[in-house]
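Below is one structure, written out as structure tokens; the observations come after it.
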2 protein chains.
Amino acid sequence: MKLTEAKEKFIQAWGTLGSSWGINRTMAQVHALLLIAPDSLSAEDIMEDLQISRGNANQNIRALIDWGLVSKEFKSGERKEFFSAEKDIWKVATQVMKERRKRELEPVLKVLAEVRNVEGDKKDKKIKAFNDSIANIQGVVSKADKTIDALMKADENWFVGSFLKLLK
Amino acid sequence: MKLTEAKEKFIQAWGTLGSSWGINRTMAQVHALLLIAPDSLSAEDIMEDLQISRGNANQNIRALIDWGLVSKEFKSGERKEFFSAEKDIWKVATQVMKERRKRELEPVLKVLAEVRNVEGDKKDKKIKAFNDSIANIQGVVSKADKTIDALMKADENWFVGSFLKLLK
DNA sequence: CTGAACTTTCGAAAATAAATGAAAGTTTAT
DNA sequence: ATAAACTTTCATTTATTTTCGAAAGTTCAG
């Protein structure tokens, strides 16, 4: 397979994966492009390679920076900004988990705490079913939250090594 | 807080969580409703509670069944179908992981294997950067795949207990 | 077999999200 | 100070996703 074809395939696949994870397709494609780029790219390079508009490129690049997955670079003699992605996928994964934990898990935990105990007869079937469900969900969600927190502090080798060994 | 209000809040929160995870809002809301319902509900009950149309209810219920999160029940004397959700959230989580692994991770792994080695000079900077990135991504993605596979076989107490202890 | 009680399908409409591109805003060199 | 080189914003357009609801399909009792 030629490099051009392989590159194209990879960018498409990464875009599809991203879009099924709530990250928009273009954002994931820009990320893919930067992941496999040997050097940092300018906004113009990205626009040209992915055939997208300036505004679109700009917004998605900034979203990636916001997620902590891409960083700006300056080249001496150049006025343009250049962008490069974190290449270590393990770091990418933990960074994504960290952001999603903050953006998604925390609000849910907050609501769960709020609805934790409803007024009324605790023996009432409806109230009991509700309370039991919420307690169970809260337990698992908060454990997931703690696990992600812990995972972020662990490095890949530690994780893969000891965790997978443990599973045997 | 009254039960009605708490229920409403929880359904909304679960819907929001779902929609940022590629599961559509209504599907997640139907799931939330079934999670906290003391008894199984009919399509009509769901339509009425969430104020959605028959077609919409039907499609989302079937999607939930397809994901293995909801099951049909028959009540003697009733012709209607009733639906109930798996209440153990840990099982829900592993079920979702299992489905997503199949639907999303596997296709990406397939593409990664395909683009694994491109033609041409292995010393070429572009080719080298591409191959290195792909190798790294493939490593992490396939480890994630194996981890999810292992996780699915572990039960909650085992996982949370020994894993969290290990992290300290 | 027939009709009532339900469930499923599917094209069209509505809602939502993403992309465009021109205009406005910044920064820097001279 | 100003003009060139870039970056950012945002109203519009375009594409995608979701919902609706009527029609078709199914099942079952009588």
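Reminder, nothing fancy here: chain letters follow the sequence lines and each chain counts from 1.
- Residues A/Trp21 and B/Glu104 share a closest heavy-atom pair of NE1-OE1, 2.8 Å.
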For a quick test of your reading: what N or O donor-acceptor pairs under 3.5 Å do the side chains of residues 105-120 of chain A make, sequence neighbours left out?
residue	atom	partner	partner atom	Å
A/Glu114	OE1	B/Lys9	NZ	2.6
A/Arg116	NH1	A/Gln138	OE1	2.7
A/Glu119	OE2	B/Met1	N	3.4

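- Proximity of a side-chain donor or acceptor of B/Glu78 to a complementary backbone N or O of B/Lys80 within less than 3.5 Å is not detected.
- In this structure, B/Phe74 atom CZ and D/dT27 atom P are separated by 11 Å, rounded to whole Å.
- Taking a 4.0 Å limit (strictly below) on heavy-atom distances, residues 33-48 of chain A does not reach DNA chain C anywhere.
- Under the side chain to side chain contact (heavy atoms under 4.5 Å, CB included) rule, B/Gln29 has a single partner from B/Asn60, B/Ile52, B/Ile11, which is B/Ile11.
- Spacing between atom CD of B/Glu78 and atom C1' of C/dA5 amounts to 11 Å, rounded to whole angstrom units.
- Regarding B/Asn58, its CG atom lies at a distance of 14 Å from the C1' atom of D/dA22, rounded to whole Å.
- The nearest whole Å value for the distance from the NZ atom in A/Lys80 to the C1' atom in D/dT8 is 17 Å.
- Remark: C1' of D/dT26 and CD of B/Glu81 are 11 Å apart, rounded to the nearest angstrom.
- If you measure from atom NZ of B/Lys75 to atom P of D/dC28, you get 19 Å, rounded to the nearest angstrom.
- In this structure, the CZ atom of A/Phe82 is 15 Å from the P atom of D/dA5, given to the nearest Å.
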**Protein proximity profile, nucleotides 18-30 of chain C - base contact B, sugar-phosphate-only contact S, no contact -, cut-off 4.0 Å on heavy atoms** = SSBB------BS-
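- For the atom pair B/Ile61 CD1 and B/Met47 CE, the distance stands at 9.5 Å (nearest 0.5 Å).
- The side-chain tip of A/Arg103 points at the ring of A/Trp67 from less than 6.0 angstrom away and within 45° of straight on.
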**Request:** Take A/Asp132 and B/Lys87 through the test salt bridge (Lys or Arg N to Asp or Glu O under 4.0 Å) and record every step on the way to the result.
**Result:** CA-CA 10 Å; A/Asp132 287 355; B/Lys87 294 285 165 54; over 6 Å; no
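- For the pair B/Leu50 CG and D/dT18 C1', the interatomic distance rounds to 15 Å; values are reported in whole Å.
- Taking the six-membered ring where the residue is Trp, A/Phe10 and B/Phe130 present perpendicular rings, their angle passing 60° and hence far from 30°.
- If you check the side chains of B/Arg62 and B/Asn58, you find a donor sitting under 3.5 Å from an acceptor.
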